Amino acid sequence: MNIQGVIFDMDGLMFDTENLTYRLQYELLAEKGLEYPFEWYKTTVGKRSEDIVGMFRDFFGERLDYESFRVECRSAYESYTDKYGVPIKDGLFELLDFLREKGIKNALATSTTRRSAERTLRIAGVIDYFDELVGADDVSRGKPFPDPFLKAAEKLGLSPESCLSLEDSLNGIKSAHAAGTIPVMIPDIIPPTEEIRPLCFRICGGLKDVIEII
């Protein structure tokens with residue numbers, strides 16, 4: 001297999017930020033007397049913030065001022081990561097160093113905004129590893145549509161078929177598959193479903209396993 005590029009998701013794939021986000025949101029909502037089931041939170045994983053707005057409003061209704069809550073969430077996340085850093089998944093630096101050594105291009109295709117993604121990458125000390133970055137505000141349609149991965153491959157100057165895409169979410173795998181890339185799932189808080197398994201080229205236990213594929 002002639003893999004010329006690797007396209008990374010960010011949250012839940014490179015960093016253990018899905019669990020962190022849930023914990024911070026849970027604490028904020030608990031202070032407001034609102035229950036926040038983990039199973040419901042998982043339905044928001046892999047979606048853009050603008051898509052999650054409607055989901056929160058449908059779930060909480062008038063009990064939650066979502067715009068204020070979103071500001072509180074961002075403040076809590078930034079305060080935590082300013083103090084403690086970003087929780088990095090095992091094998092990330094090994095994989096990034098391997099790609100650099102082999103001269104394989106890479107890009108980020110994330111459902112978060114470019115500003116937020118760049119901040120997270122800088123805190124984690126990995127921003128210089130990436131050749132290109134595609135944030136939620138760089139495409140008109142987010143995952144599960146193919147746009148983020150198509151844009152990333154285009155910015156790398158590569159065909160989608162020559163790019164390995166690494167994802168932890170179901171929507172991310174759907175997006176990577178629809179774009180014609182080679183989808184590899186590294187599950188985080190959501191296991192692969194029977195619908196998703198056929199869309200995956202491989203399901204790996206961790207980032208280090210990707211080295212063997214390449």
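The structure presented is a predicted model; accordingly, all values stated were derived computationally and were not measured.
Other residues, nucleotides and ligands contribute at most 12 non-hydrogen atoms within 6.0 Å of the CG atom of Asp90.
A chain of hydrophobic side-chain contacts below 4.5 Å, direct or via other Ile, Leu, Val, Met, Phe, Trp or Tyr residues, connects Ile52 to Tyr41. Hydrophobic clustering of Ile, Leu, Val, Met, Phe, Trp and Tyr side chains at less than 4.5 Å, counting indirect connections, keeps Phe149 apart from Phe145.
Two residues are said to be in side-chain contact when any heavy atoms from C-beta on lie closer than 4.5 Å; Gln25 and Leu28 fail this criterion. In this structure the side chain of Pro146 reaches within 4.5 angstrom of the side chain of Arg141, judged on heavy atoms. Side chains of Phe8 and Leu99 form a contact here, defined as non-hydrogen atoms less than 4.5 Å apart.
Checked against side-chain hydrogen bond (donor to acceptor under 3.5 Å, both in side chains), Ser159 has the following partners two or more places apart in sequence or in another chain: Ser162. Residues meeting the ring-ring contact (aromatic ring centres under 6.0 Å, His included) test with Tyr66, sequence neighbours left out: Phe56. For Glu67, the side-chain hydrogen bond (donor to acceptor under 3.5 Å, both in side chains) partners two or more places apart in sequence, or in a different chain, are Arg57, Arg70. Evaluation of the side-chain hydrogen bond (donor to acceptor under 3.5 Å, both in side chains) rule for Ser175 yields no partner, not counting sequence neighbours. With sequence neighbours left out, Asp168 forms a side-chain hydrogen bond (donor to acceptor under 3.5 Å, both in side chains) with no residue at all. Every residue two or more places apart in sequence or in another chain was checked for a ring-ring contact (aromatic ring centres under 6.0 Å, His included) with Phe93, and none qualifies. Looking at residues two or more places apart in sequence or on another chain, you find no salt bridge (Lys or Arg N to Asp or Glu O under 4.0 Å) involving Asp58. Applying the side-chain contact (heavy atoms from CB on, under 4.5 Å) criterion to Asp138, with sequence neighbours excluded, gives Arg114, Val134.
Taking the six-membered ring where the residue is Trp, Tyr36 and Phe60 present tilted rings, their angle falling between 30° and 60°.
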Using atom types as modelled, flag every donor-acceptor pair under 3.5 Å from a side chain in residues 194-214 to any protein atom, sequence neighbours excluded.
from, atom 1, to, atom 2, distance (Å)
Asp209, OD2, Gly205, N, 3.1
Asp209, OD2, Gly206, N, 3.2

With a 3.5 Å cut-off and sequence neighbours excluded, list the donor-acceptor pairs that the side chains of residues 179-191 form with protein atoms.
from, atom 1, to, atom 2, distance (Å)
Thr181, OG1, Ser165, OG, 2.9
Thr181, OG1, Ala176, O, 2.7
Asp188, OD1, Lys89, NZ, 3.1

Show me the donor-acceptor pairs, under 3.5 Å and distance only, between side chains in residues 120-131 and residues at least two apart or in other chains.
from, atom 1, to, atom 2, distance (Å)
Thr120, OG1, Ser116, O, 3.2
Tyr129, OH, Asp97, OD1, 2.7
Asp131, OD2, Asn106, N, 2.9

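Cluster partners of Tyr77, using a side-chain heavy-atom cutoff of under 4.5 Å among ILVMFWY residues and allowing indirect links, are Leu20, Leu24, Tyr80, Tyr84.
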